[in-house]
Structure formats: C-alpha cells, structure tokens
S.K.: 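Let me give you the structure first, and then I'll get to my questions.
As the structure is a prediction and not an experimental result, all values here were calculated from the model.
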Amino acid sequence: MRSGEELDGFEGEASSTSMISGASSPYQPTTEPVSQRRGLAGLRCDPDYLRGALGRLKVAQVILALIAFICIETIMACSPCEGLYFFEFVSCSAFVVTGVLLIMFSLNLHMRIPQINWNLTDLVNTGLSTFLFFIASIVLATLNHRAGAEIAAVIFGFLATAAYAVNTFLAVQKWRVSVRQQSTNDYIRARTESRDVDSRPEIQREKSPTSPLSLNHWQLA
C-alpha cells in the first residue's frame, strides 16, 4: 500500500499533467463576446443621426412625401390625369426609397454593407427626388381643378422639394469630404509603401535590372 505522501505526490503530478495537456490542447472553448456576434438581434437605433441635420431632413422628407401621396390619393376624378399620375408616382417612390435609406442610416445597417457607396447613393436619391418633385408639383399646379386635395398636394410637393434640395446640398458637401479623405488615405498608403521599399535594399536589388542575377540571366539568354 502507498503512503499518504506518495498518494499526494501522485495526485499533484496528475493534476499538473492534466493542466498542461489542457493548455496545449487545440480544442479550447471559444470566448467570443456576445456583442461581436452579427445578426439582426444586435440592431440599435442611432440617436445621434436622428438628432443631426441629415436625420431630421430624412424624417421630414418621409413625412412630406407620405402626406403628398395621401392627398393625391383622395382625388376621385381628374381630367386630364397625366399630371396626377406622375405626382402619385414621384411621391410614392420618394417615400419608399427615402424611408429605406432612413432605416439603413438610423440603424447603422449601411456599416454592414461597405461595398456600397452610401454617401453617393444618398446624393443621387436626394438630387433626383428634388428634380422630380419640382417638376411634378409644377405640372400638378398647372393642371389642377382648384380642388382642396390638389392644392394641398401641390403645397406639400413644393415643401418636399425644398427639403430634398437642402439635403442635396448637405449630401454634396459630405460626399466631397469623403472623396478628400479617400484620396488622402491613398496618398499616405502610397508614401508608406514607397518608404518601405526604400528602407529594404534587398527589394531594390531584386528589382534592379543591373543586379548580378539579372546580368547572368541575360548572358545565358
């Protein structure tokens, strides 16, 4: 029979061996934080964007486009109806597209799709909506029949035009800033790569056409 000291020593060696084998084992438990997991469960509203100028303009555009669409839908009779149909299409399209962009920006969903230039997308949407709302409001104001719904639709159409125009101006400025930052980052990256090449002479010898290896290659050829 083993004594108590021998058993204690055996247990200590066994525990230390198990600890070493556990530390060197490739099957380690994952310690990924829950906050880093991707999915729709981690969506959060961005109050800073909604409080900013672009966020408030987006909310105003969605509301104005929706009210203009509701006003134009309450008209039961029209002759001619081309201006009414065009205004209906513009208001509905602006409401849907701007609403989607508002959701993307307010929930920071655009950060998960970096392949799309969202600043340019917002600029195109606001510029095109400004032009279409302006034309549709003028056409509806010219062809209206003095009905209350048509007058209300024209008023909200021009208000939406003003909101989209201001957003277009801000989007142009934001797009210019992003382009300047991108060009600056590319310049810094190029300078860093050139300095790395200059600080490593072995790369220059490999690339130099007058190196001994290249001369021997040309002689053999």
S.K.: How many angstroms lie between atom OG of S106 and atom CG of L54, to the nearest 0.5 angstrom?
M.R.: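 The OG atom of S106 sits 12.5 Å away from the CG atom of L54.
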S.K.: Does any pair with a residue in residues 125-139 pass salt bridge (charged side-chain N to carboxylate O under 4.0 Å, His left out), and if so which ones, sequence neighbours excluded?
M.R.: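 Found none.
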S.K.: Please collect all salt bridge (charged side-chain N to carboxylate O under 4.0 Å, His left out) contacts where either partner lies in residues 46-66, sequence neighbours excluded, each pair once.
M.R.: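 Passing the test, one end in residues 46-66: K58-D122.
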S.K.: Check whether L128 and F169 end up in the same hydrophobic cluster, where Ile, Leu, Val, Met, Phe, Trp and Tyr are linked by side-chain heavy atoms less than 4.5 Å apart.
M.R.: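 No, separate clusters.
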S.K.: Between the main-chain N or O of M111 and the side-chain N or O of N108, is there a donor-acceptor pair closer than 3.5 Å?
M.R.: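 No, N108 side chain to M111 backbone: no donor-acceptor pair under 3.5 Å.
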S.K.: Atom CZ in F95, atom CD1 in I70: separation rounded to 0.5 Å?
M.R.: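 Result: 8.0 Å between the selected atoms.
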S.K.: May I have the list of side-chain donor-acceptor pairs in residues 87-94 shorter than 3.5 Å, sequence neighbours left out?
M.R.:
unit_1: S91; atom_1: OG; unit_2: F87; atom_2: O; d: 2.9
unit_1: S91; atom_1: OG; unit_2: E88; atom_2: O; d: 3.1
unit_1: S93; atom_1: OG; unit_2: F89; atom_2: O; d: 2.8

S.K.: What pairs meet the ring pair (Phe, Tyr, Trp, His ring centres under 6.0 Å) rule with one or both residues in residues 46-72, with sequence neighbours excluded?
M.R.: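 Residue pairs with at least one partner in residues 46-72: Y49-F105.
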S.K.: Using 0.5 Å steps for rounding, measure from the CG atom of L102 to the CG atom of L57.
M.R.: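 Reported value, rounded in 0.5 Å steps: 11.0 Å.
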S.K.: Can you list the residues that meet the side-chain contact (heavy atoms from CB on, under 4.5 Å) rule with L159, with sequence neighbours excluded?
M.R.: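 L159 satisfies side-chain contact (heavy atoms from CB on, under 4.5 Å) with L64, I155, F156 only.
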S.K.: According to side-chain contact (heavy atoms from CB on, under 4.5 Å), who are the partners of E82, at least two apart in sequence or on a separate chain?
M.R.: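 Result, side-chain contact (heavy atoms from CB on, under 4.5 Å) vs E82: P80.
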S.K.: How many angstroms lie between atom NZ of K174 and atom CG of N167, to the nearest 0.5 angstrom?
M.R.: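 If we round to the nearest 0.5 Å, K174:NZ and N167:CG are 9.5 Å apart.
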S.K.: Decide yes or no for L123 and T121: does some side-chain heavy atom of the first lie under 4.5 Å from some side-chain heavy atom of the second?
M.R.: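 L123 vs T121: side chains apart.
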S.K.: Is any side-chain heavy atom of I72 closer than 4.5 Å to one of L140?
M.R.: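 Counting from C-beta outward, L140 and I72 do come under 4.5 Å.
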S.K.: Please give me the minimum heavy-atom distance between A53 and L170, naming the atom from each residue.
M.R.: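 Taking A53 first and L170 second, the nearest heavy atoms are CB-CD1, 4.1 Å.
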S.K.: Kindly say whether Y164 contributes a backbone atom to a donor-acceptor pair with the side chain of T130 at under 3.5 angstrom?
M.R.: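 A pair under 3.5 Å: yes.
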S.K.: F131 and V97: same hydrophobic cluster, using ILVMFWY side-chain contacts below 4.5 Å?
M.R.: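 No.
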S.K.: Say whether V139 and I75 are linked into one hydrophobic cluster, either directly or through other cluster members, by side-chain heavy-atom distances under 4.5 angstrom.
M.R.: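 Yes; I75 is reachable from V139 via cluster members.
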S.K.: Is there a side chain to side chain contact (heavy atoms under 4.5 Å, CB included) between F134 and F158 once you walk through the steps?
M.R.: CA-CA 7 Å; F134 181 70; F158 280 116; 4.2 Å; yes
S.K.: Would you please name every residue forming a side-chain hydrogen bond (donor to acceptor under 3.5 Å, both in side chains) with T126, sequence neighbours left out?
M.R.: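 T126: side-chain hydrogen bond (donor to acceptor under 3.5 Å, both in side chains) contacts with T168.
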S.K.: If you group Ile, Leu, Val, Met, Phe, Trp and Tyr by side-chain heavy-atom gaps below 4.5 Å, do V166 and F133 land in one group?
M.R.: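 Cluster IDs for V166 and F133 differ.
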S.K.: Taking side-chain contact (heavy atoms from CB on, under 4.5 Å) as the test, write out the residues that go with A60, two or more places apart.
M.R.: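 A60 satisfies side-chain contact (heavy atoms from CB on, under 4.5 Å) with no other residue.
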S.K.: Under 4.5 Å between side-chain heavy atoms, counting indirect links through other Ile/Leu/Val/Met/Phe/Trp/Tyr residues: same cluster for L66 and Y85 or not?
M.R.: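 L66 and Y85: separate clusters.
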S.K.: Under the side-chain contact (heavy atoms from CB on, under 4.5 Å) rule, collect the residues that match up with I113, sequence neighbours excluded.
M.R.: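 Testing I113 for side-chain contact (heavy atoms from CB on, under 4.5 Å), a comparison that skips the adjacent residues, returns M104, Q115, I116, W118.
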S.K.: What residues, two or more places apart in sequence or in another chain, satisfy side-chain hydrogen bond (donor to acceptor under 3.5 Å, both in side chains) together with T161?
M.R.: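 With sequence neighbours excluded, T161 shows a side-chain hydrogen bond (donor to acceptor under 3.5 Å, both in side chains) to no residue whatsoever.
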S.K.: When you look at I135 and F86, which way does the side chain to side chain contact (heavy atoms under 4.5 Å, CB included) test go after all the steps?
M.R.: CA-CA 9 Å; I135 298 300; F86 180 62; 4.1 Å; yes
S.K.: So, taking the atom named SG in C45 and the one named CG in L50, what distance separates them when rounded to the nearest 0.5 Å?
M.R.: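 That separation rounds to 4.5 Å.
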S.K.: As an exercise, state the distance from CG of N125 to OG1 of T98, rounded to the nearest 0.5 Å.
M.R.: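 These two atoms lie 4.5 Å from each other.
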